[in-house]
Amino acid sequence: MRQHLPGDVGGFAAAITTGDRSAISQEALQDLRSSNLAHLLAISGLHMGLLSAVVFGAMRLMLALHPVTATRWPSRSIAAGAALIAATGYLALSGGNVATERAYVMCAVALCALMIGRRAISLRAVAVAGIIVLALRPEALTGPGFQMSFAATTALVAVFGWMRDFDGTVIPQRLRPVVAVVISSAVAGFATAPISAAHFNTIAHYGLIANLLSVPLMGVLVIPAAVLAAMLAPLGMEGLPLWAMGLGLRWILAVSEAVSGLAGARSFVPGPGGWVLPLLALGFLWLLLWQGRLRWLGCPAMVLALTLWHGVVRPDILVADTGTLVGVMTSKGRALSKEKGAGFIARNWLENDGDGVDQAVAATRWKDIDASIIHLSGKRAAAAFSGCRLGDIVIASAEVDAAQQWGCPVFDPSRLRETGALALRKSPEGWQITTAREYAGARMWNTKPKRRAGRQ
């Protein structure tokens, strides 16, 4: 695929068919994230559903062309079986990661329902898929992929279930597909936006526009061309469908670049507290699943969750578990003690603060911190340390002689090995220190084994 489609287009094509994103440039990835189109890279429910729909529709059309197959054969069940085989092949081709496995299970449940004459899209089908996924991978419950996938699916099934009772004659026939695309994009975006913001700390303000301009093309051109290319590849005739696929992907990349370049395309939000997402999920499910007027009781729970999120207070001081990086909250945002090194930790701190700057910019704020925060970086700084005053806090990346600790707390590697990373909050009673060890509890990987009696 990358031979036929060079550059980011070929990387995009490889990503949506095999899950390999290595050929996509960082600039293109950033544009896709800023425009809320990064979900198109992950082989998830959208891709699996479109692939299955293309195969299902093509098989039903072929069976309808002959009177015998059209009238005597169970064409819908046969088409659903063919779509299930294609989805299974797609799962194997993509490597079977968690997101693709989850999408495959949901798609398989829907296709099996079609084969036995049941409604394919219902909240019961979503529940069955959720049970199967959690039985296979229970840890997926806390991941953004599971939460966003099932939130979007549940919301779409519920909303379109309500719309079945709506008199559709008021909408012209030609406009119904357009209205369906707008509603589905808006509903899915609304359902997943809080979860995405909670996990990734960003909000794409023009994501709906970008998805309306891109997602329909995925179903009309990109995925059908990919299926045709896969069928013709053994014959060496994949060039034309890949060219058509490239046209669609070029358009999507152009949309992502244009939307991400708009003023205010993306904003940052702080990470929520532990109760925010559970309350949001409770209110969301109550609103969708309950019958009658009592369903509106779900709204207060969602409002309470958003209120708690708005009032979240980030720690005043964060300390890495090795003492190599310290982050202190200032009026301008979090100040970092180093402009390089411990980049993963720095990026996570800044993202959870809702701060969109990079580590180098955050390091320029260090001059604004309280002088009572002392960071000793390296062995030379630790060796030259001459003491501290009452009320100072000392963090060191190298061991500090205990004789030099004059009444102020010193967190050097030996102490940090016992506590893990630190979060400090200032209160009238003094500093409240939360350690990673306290937060995570006693685990096999963070508890030192006890020495056996008699051994030195």
Side-chain angles (χ1 to χ4, degrees), residues 36 39 42 44-46 98-99 101-103 105-106 109-110 119 121-165 183-204 207-208 267-314 351-352 354 434 439-441:
N36 198 27
H39 66 93
S44 56
L46 175 66
V98 178
E101 182 183 277
R102 181 179 59 252
V105 169
M106 296 182 66
V109 169
R119 181 181 293 174
I121 302 176
S122 67
L123 290 175
R124 292 186 181 89
V126 178
V128 170
I131 292 172
I132 294 174
V133 170
L134 290 178
L136 295 173
R137 296 180 181 269
E139 77 280 2
L141 179 64
T142 58
F146 178 90
Q147 295 173 7
M148 294 175 67
S149 177
F150 279 92
T153 305
T154 304
L156 287 169
V157 171
V159 169
F160 279 95
W162 297 337
M163 291 178 61
R164 276 196 292 265
D165 301 328
I183 292 176
S184 61
S185 296
V187 169
F190 176 78
T192 58
I195 301 172
S196 175
H199 286 282
F200 305 114
N201 305 104
T202 59
I203 298 176
L208 178 59
S267 62
F268 300 88
V269 295
W275 282 101
V276 171
L277 281 183
L279 274 175
L280 273 175
L282 176 63
F284 175 74
L285 291 174
W286 189 284
L287 181 65
L288 294 185
L289 301 180
W290 202 266
Q291 302 297 315
R293 295 180 180 178
L294 287 178
R295 69 157 43 106
W296 299 110
L297 291 177
C299 292
M302 298 173 71
V303 171
L304 176 60
L306 295 176
T307 303
L308 292 174
W309 193 347
H310 179 72
V312 66
V313 178
R314 294 285 295 155
E351 286 178 355
N352 281 285
T434 303
Y439 188 83

Interatomic spacing from CG in Leu277 to CG in Leu308 - rounded to 0.5 Å:
11.5 Å
With side-chain hydrogen bond (donor to acceptor under 3.5 Å, both in side chains) as the rule and sequence neighbours excluded, what pairs involving residues 190-201 come up?
Gln147-His199
Could you list the residues that satisfy ring pair (Phe, Tyr, Trp, His ring centres under 6.0 Å) with Phe146, not counting sequence neighbours?
Phe150
Hey, could you give me each pair passing side-chain hydrogen bond (donor to acceptor under 3.5 Å, both in side chains) that has a residue in residues 128-144? Not counting sequence neighbours.
Glu101-Arg137
Report the C-alpha separation of Leu279 and Met302 in whole Å, then their side-chain angles, then the decisive distance to 0.1 Å, and conclude whether the side chain to side chain contact (heavy atoms under 4.5 Å, CB included) test is met.
CA-CA 6 Å; Leu279 274 175; Met302 298 173 71; over 6 Å; no
Taken to the nearest 0.5 Å, the spacing of Trp296 CH2 from Leu287 CG works out to 5.5 Å
Just to verify, what does Ser267 make a side chain to side chain donor-acceptor pair (under 3.5 Å) with, not counting sequence neighbours?
His205
Taking only residues two or more places apart in sequence or in another chain, which ones pass side chain to side chain donor-acceptor pair (under 3.5 Å) with Glu351?
none
Suppose we screen for side chain to side chain contact (heavy atoms under 4.5 Å, CB included). Which residues come up paired with Leu297, at least two apart in sequence or across chains?
Trp286, Leu294
Who passes side chain to side chain contact (heavy atoms under 4.5 Å, CB included) against Ser122, sequence neighbours left out?
Arg119, Arg124, Ala125
Might you point out which heavy atoms bring Ala204 and Asn36 nearest each other, and give the distance in Å?
CB-CB, 3.6 Å
On a heavy-atom basis, which atom in Leu288 and which in Ala158 lie closest, and how many Å separate them?
CD2-CB, 3.9 Å
Can you give me every donor-acceptor pair (side chain of residues 183-191, partner residue at least two apart or in another chain, under 3.5 Å) with its distance?
{"unit_1": "Ser184", "atom_1": "OG", "unit_2": "Ala180", "atom_2": "O", "d": "3.0"}
{"unit_1": "Ser184", "atom_1": "OG", "unit_2": "Val181", "atom_2": "O", "d": "2.9"}
{"unit_1": "Ser185", "atom_1": "OG", "unit_2": "Val181", "atom_2": "O", "d": "3.0"}

Interatomic distance, CG@Leu304 vs SG@Cys299, rounded to 0.5 Å, equals 13.0 Å
Can you list the residues that meet the side chain to side chain contact (heavy atoms under 4.5 Å, CB included) rule with Phe268, with sequence neighbours excluded?
Thr202, Arg266
Would you please test Leu306 and Leu280 for side chain to side chain contact (heavy atoms under 4.5 Å, CB included) and show each step?
CA-CA 8 Å; Leu306 295 176; Leu280 273 175; 4.3 Å; yes
Distance col, row Phe284:CZ vs Ile195:CD1, nearest 0.5 angstrom, shows 7.5 Å
For Val269, side chain to side chain contact (heavy atoms under 4.5 Å, CB included) partners two or more places apart:
Ala197, Ile203, Trp309
